[in-house]
Protein chains: 2
Amino acid sequence: MFVRITTEVSPRPNSLKDLGMTSESNPIVSLNEFTYKKGTEIYGEKEPADYVYQVRSGAVRSYKLLSDGRRQIGAFHLAGDIFGLENGKEHRFTAEAIVDTTVRLIKWQSLELVAESDAMVARNLLSMTTSNLQHAEDHMLLLGRKTSLERVAAFLLEMDKRLSGVDVMALPMSRRDIADYLGLTLETVSRAISHLHDLGVLGFIGNTQRQIVLLDRQQLASLDLQN
Amino acid sequence: MFVRITTEVSPRPNSLKDLGMTSESNPIVSLNEFTYKKGTEIYGEKEPADYVYQVRSGAVRSYKLLSDGRRQIGAFHLAGDIFGLENGKEHRFTAEAIVDTTVRLIKWQSLELVAESDAMVARNLLSMTTSNLQHAEDHMLLLGRKTSLERVAAFLLEMDKRLSGVDVMALPMSRRDIADYLGLTLETVSRAISHLHDLGVLGFIGNTQRQIVLLDRQQLASLDLQN
DNA sequence: CGGGTCATTGACAGCACTCAAAGAGCGTGG
DNA sequence: CCACGCTCTTTGAGTGCTGTCAATGACCCG
């Protein structure tokens, strides 16, 4: 069986409705769209955070750099995800399009204004920030205490959950991106994936190494020690 | 010169006023106090988060455990700090008193209620969560990409900023706690501190290794690569 | 004074990193 | 259509930073 899947991910159910910010309910809010080419910067660290973004299609990486070039990716943003929510100050990450990516833009100012009077919007802003916090907390455990195999297993399970529900994962990001997300080198990531392939936990589909099918999620979960 | 300093830290200016939750302004809010002995659990991971806490005196560690016992401390909470703010669901960390610690308790339910009508309280809840998120994001960079020496330098600078403004740091936590915060072993932490001592960056005061004086903050900062 | 906890230091091991080479995939243009 | 260059991935060999194991020393408290 040969399945051909592009790096484009189908939109997920969640949306700006999560913020209570549909154009219908709040006509003030402008919902412009913009497309970024593969590899281009959407915003830089310490730039003023005038906009909040939602991925319509494509994928985005958010990262910090040390002065000597070491990079830590804090999160990947896939179709449907909202990112760049920095509570009105400045961006704490640099955001780049991993592949050609279309985003929707929301003015932070308008969000803030609505949150002032609408308690539900305020609650949703808080719960979205809390989700980001929870992800970061889990990721600290991974970065501080997990082995390379556990990290890669955890990554594959996370992507399996977040990418399309179908059985083939089309990863938009490179091995280097994965490595910088997991606090490893790209060689170590590649070796771990090869090892999982040898174990029969996953297989490759088509003619690229970016399309992975998980053959044994249970074994994969057992390789990622849970907290 | 011999200076004697206890592990008790003087209260910092910030308080529950940061949440707009003084007893004067909101008499609904109950502000009970409770004292935990050194090493005792304040709450466990996945327990319902009925209360929010503020450290009056002492110190607290928040951590996650893997099933085989590996531990990742996500944060230390010192005098004045608010912790256990989980957005009303369940706690995502276990919290333990590092030394004998007195906390103030606030019912989450009452906070939530007030936030519903008072936009300022809601804003403060959000900005407090954002602070926690920012700390976690910076810590991901440390855990994923910094060397052991950089981590220890960063830790000392963080504690220098957060503990008393005076020139002697009385660290309440053990080397093991520091190691589990920095994603290292206690031996590596000890070696790094010894190395910094050899470099003349820090000195020990009194008869314990928990009291550290920073002799050259600039050099210390240069050892922790900035982002 | 004695037992327990905590910190330091040394010797050695191992997991992940570095450096390097080869293979695979992809786009472009002749 | 294939050749070519470029990027990305895989794999190997060797190194090194941090972890492991162990012993000693310092401190605390009853």
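Quick note: numbers below take in every heavy atom, side chains included, and nothing from hydrogens, waters or symmetry partners. Owing to the predicted nature of the structure, the values given are computational and were not obtained by experimental measurement. Residue numbers begin at 1 in each chain, while the letters A, B, ... track the order of the sequences.
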Trainee: Looking at the side chain of A:Arg175, which of D:dC8, D:dT10, C:dC17 is the nearest nucleotide?
Mentor: D:dT10
Trainee: Within the structure shown, what part of the strands sits under 4.0 Å from A:Gly39 by heavy-atom distance: base, sugar-phosphate, or nothing?
Mentor: nothing
Trainee: Once you round it to whole Å, what is the distance between P of D:dT9 and CD1 of A:Ile212?
Mentor: 10 Å
Trainee: Any idea which of D:dG12, D:dA22, C:dC19 is nearest the A:Arg191 side chain?
Mentor: D:dG12
Trainee: Counting only side-chain nitrogens and oxygens, does B:Thr188 get under 4.0 Å of the OP1 or OP2 atom of D:dT18?
Mentor: no
Trainee: Between B:Tyr43 and B:Tyr53, is the gap from one ring center to the other below 6.0 Å?
Mentor: yes
Trainee: Identify whether any heavy atom of B:Ile193 sits under 4.0 Å from a base atom; if not, whether one sits that close to sugar-phosphate; answer base, sugar-phosphate or nothing.
Mentor: nothing
Trainee: A:Phe93 ring centre to A:Lys64 NZ or CZ under 6.0 Å, with the angle to the axis within 45°?
Mentor: yes
Trainee: Identify, with sequence neighbours excluded, every residue that meets side chain to side chain contact (heavy atoms under 4.5 Å, CB included) alongside A:Ala97.
Mentor: A:Tyr36, A:Thr40, A:Thr101
Trainee: Indicate whether OP1 or OP2 belonging to C:dT9 is found under 4.0 Å from a side-chain N or O atom of B:Ser194.
Mentor: yes
Trainee: Ignoring backbone atoms, test whether A:Thr147 places a side-chain nitrogen or oxygen under 4.0 Å from the OP1 or OP2 oxygen of C:dC15.
Mentor: no
Trainee: Can a side chain N or O of B:Ser174 be found less than 4.0 Å away from OP1 or OP2 on C:dC6?
Mentor: no
Trainee: At their closest point, which heavy atom of B:Tyr51 faces which heavy atom of B:His91, and how far apart are they?
Mentor: O-CE1, 3.9 Å
Trainee: So, is B:Arg210 near the phosphate of C:dA7, with a side-chain N or O under 4.0 Å from OP1 or OP2?
Mentor: yes
